[in-house]
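All of these numbers come straight from a predicted model, not from anything done at the bench.
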Amino acid sequence: MFLNNSGSPSVELSSYRDQHFKGSRAEQEKLLKQSTTLYVGNLSFYTTEEQIYELFSKCGDIKRIIMGLDKYKKTPCGFCFLEYYTRADAENSMRYVNGTRLDDRIIRIDWDAGFVEGRQFGRGKTGGQVRDEYRADFDAGRGGYGKLMQQKLGPSEIGGGFPR
């Protein structure tokens, strides 16, 4: 988490930009600066919408939560979009919730230019998030080993099957 000059966590825009944004960089910047929508990442695959609501509603009234889903299995895949009614409430989430622990995971929050239908699905080749395909460590909260490691190890070595 970054701190601004006043010592409080930053609500400024990060350097991340959605590469699939339909429009110019300037249009995206303008939308980000007035957005009430947040991207929440590094969630456990087991975190529920109710848990997200419970935590984030402390910062203001939530308009809607869109859970990130594996595009093939339609199961949670570790992120969501969160839309507030006001920018001030979204800024409070950036200040006070970003970098906190939810379901034993440090969550990351970033500004989003606004949810568009279809963005709730993971963009990785296997349907989930791209970063979970390349992860080489074991992370129970994100489905075990990364997808490429699961393919290399096979079911019996990752606890997903019976030894032969």
Side-chain angles (χ1 to χ4, degrees), residues 1-71 75-124 127-144 146:
M1 188 179 330
F2 298 101
L3 298 179
N4 61 23
N5 293 337
S6 67
S8 65
S10 177
V11 296
E12 300 302 315
L13 301 182
S14 73
S15 60
Y16 172 78
R17 296 295 175 270
D18 178 11
Q19 299 303 310
H20 298 273
F21 179 78
K22 305 282 191 249
S24 71
R25 188 79 158 187
E27 290 168 328
Q28 188 178 31
E29 293 280 327
K30 183 180 179 193
L31 288 172
L32 288 169
K33 288 178 181 172
Q34 59 193 21
S35 180
T36 60
T37 304
L38 302 173
Y39 169 87
V40 182
N42 202 37
L43 294 172
S44 167
F45 287 8
Y46 307 104
T47 299
T48 65
E49 193 171 326
E50 291 77 17
Q51 288 172 286
I52 293 165
Y53 183 86
E54 180 67 28
L55 176 62
F56 284 87
S57 65
K58 293 176 180 1
C59 295
D61 291 331
I62 295 171
K63 188 173 187 177
R64 67 181 175 160
I65 298 170
I66 301 104
M67 295 297 290
L69 302 173
D70 181 295
K71 82 176 129 197
T75 56
C77 66
F79 70 97
C80 76
F81 294 96
L82 186 84
E83 191 175 345
Y84 282 98
Y85 285 98
T86 69
R87 174 75 178 197
D89 292 346
E91 287 177 356
N92 282 335
S93 277
M94 289 291 286
R95 275 188 196 97
Y96 305 119
V97 183
N98 190 18
T100 62
R101 202 172 281 278
L102 176 62
D103 251 359
D104 269 341
R105 304 189 64 78
I106 303 295
I107 57 173
R108 293 186 310 265
I109 304 171
D110 211 341
W111 291 107
D112 189 80
F115 177 76
V116 175
E117 188 60 38
R119 289 191 59 217
Q120 73 268 38
F121 299 114
R123 295 177 177 168
Q129 288 191 275
V130 174
R131 71 187 207 105
D132 285 319
E133 293 183 356
Y134 298 102
R135 205 169 22 77
D137 62 324
F138 182 83
D139 188 339
R142 292 189 71 85

Indicate yes or no: at least one non-hydrogen side-chain atom of Asp112 is less than 4.5 angstrom from one of Arg119.
yes
Spacing of [atom1] belonging to [X] relative to [atom2] belonging to [Y], to within rounding of 0.5 Å:
| X | Y | atom1 | atom2 | answer |
| --- | --- | --- | --- | --- |
| Asn92 | Lys58 | CG | NZ | 13.5 Å |
| Ser57 | Asp89 | OG | CG | 10.5 Å |
| Leu38 | Ile62 | CG | CD1 | 9.5 Å |
| Ser24 | Glu29 | OG | CD | 9.5 Å |
| Ile109 | Cys59 | CD1 | SG | 7.5 Å |
| Ile106 | Asn98 | CD1 | CG | 10.0 Å |

Nearest non-hydrogen partners of [X] and [Y], listed with the distance:
| X | Y | answer |
| --- | --- | --- |
| Arg105 | Leu43 | CD-C, 3.7 Å |
| Arg87 | Leu32 | NH1-O, 2.8 Å |
| Lys63 | Tyr85 | CA-CE1, 3.5 Å |
| Gln51 | Asp103 | NE2-OD1, 3.0 Å |
| Thr37 | Gly114 | OG1-CA, 4.0 Å |
| Met67 | Thr47 | CE-O, 3.6 Å |

Kindly write out the residues that satisfy side-chain contact (heavy atoms from CB on, under 4.5 Å) with Leu31, not counting sequence neighbours, or none if the list is empty.
Phe21, Gln34, Ala113
Who pairs with Phe81 by ring-ring contact (aromatic ring centres under 6.0 Å, His included), at least two apart in sequence or on another chain?
Tyr39, Phe79, Phe115
Can you list the steps and then say if Phe56 with Ile65 is a side-chain contact (heavy atoms from CB on, under 4.5 Å)?
CA-CA 10 Å; Phe56 284 87; Ile65 298 170; over 6 Å; no
Check whether any side-chain N or O of Glu54 sits under 3.5 Å from a backbone N or O of Ile52 as a donor-acceptor pair, and report yes or no.
no
Kindly say whether Tyr84 contributes a backbone atom to a donor-acceptor pair with the side chain of Thr36 at under 3.5 angstrom?
yes
